[in-house]
> 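The structure's right below; bear with me while I get my questions together.
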Amino acid sequence: MHLRHSDHDHGPATVEVVFHIEDPVGLTGDEDKTEVRTMAAKGEHLLEVAVEHGINIEHACGAVCACSTCHVYVEQGMDDLSEATEAEEDRVEEAPGLQINSRLSCQCEVEGDGPIVVRVPAWNRNAVKEVPH
Ligand code: FES
């Protein structure tokens, strides 16, 4: 699915965003990439930042808040992200393994100065791949 990027231009990448990846082989093709340190610009969404750095978080609906495959856990820096909308809250409840720090990465816009730490669960990927046809 094509990833919809934010429409506006972003400023310089000044916010540290660290991704902890539970399934590095599945998401990056590299078993050593359990942690990826990135710099993001304010206004970017976490999903965009991840994909730009080779972390292939599923985004089955194309980042329009119509699935829950881009589910992540925000371990640090929740206040540096845009607040969840009602639509996101409704949708994220469908994600397996829901936690208090669950967010949809396509809906989280970087707003503060960070650092932001995000855990990408392994089963996001599997949830899509293993659905019987
Ligand atoms: S990609 Fe579908 S809700 Fe984020």
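When a ligand or atom number is given, it counts from 1 through the structure's own listing order.
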> Between Arg91 and Glu93, is the closest basic N to carboxylate O distance under 4.0 Å?
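Salt bridge: no.
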> Under 4.5 Å between side-chain heavy atoms, counting indirect links through other Ile/Leu/Val/Met/Phe/Trp/Tyr residues: same cluster for Met78 and Val72 or not?
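Met78 and Val72: one cluster.
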> For His71 and Ser102, test the side chains for any donor-to-acceptor distance below 3.5 angstrom and give the result as yes or no.
yes
> If you count every heavy atom of other residues, nucleotides or ligands that lies below 6.0 Å from Glu83 atom CD, does the total exceed 12?
no
> Give the total of protein N/O/S atoms at a distance below 2.8 Å from atom 4 (Fe) of ligand 1.
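Protein N, O or S neighbours of atom 4 (Fe) of ligand 1 under 2.8 Å, waters not counted, come to 2.
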> Could you walk me through whether Glu111 and Lys42 satisfy the salt bridge (charged side-chain N to carboxylate O under 4.0 Å, His left out) test, starting with their C-alpha distance in whole Å, then the side-chain angles of each, then the deciding distance to 0.1 Å, before giving a yes or no?
CA-CA 5 Å; Glu111 290 184 344; Lys42 290 182 183 176; over 6 Å; no
> Return yes if some donor-acceptor pair links the side-chain N/O of Thr69 with the main-chain N/O of Ala60 below 3.5 Å, else return no.
yes
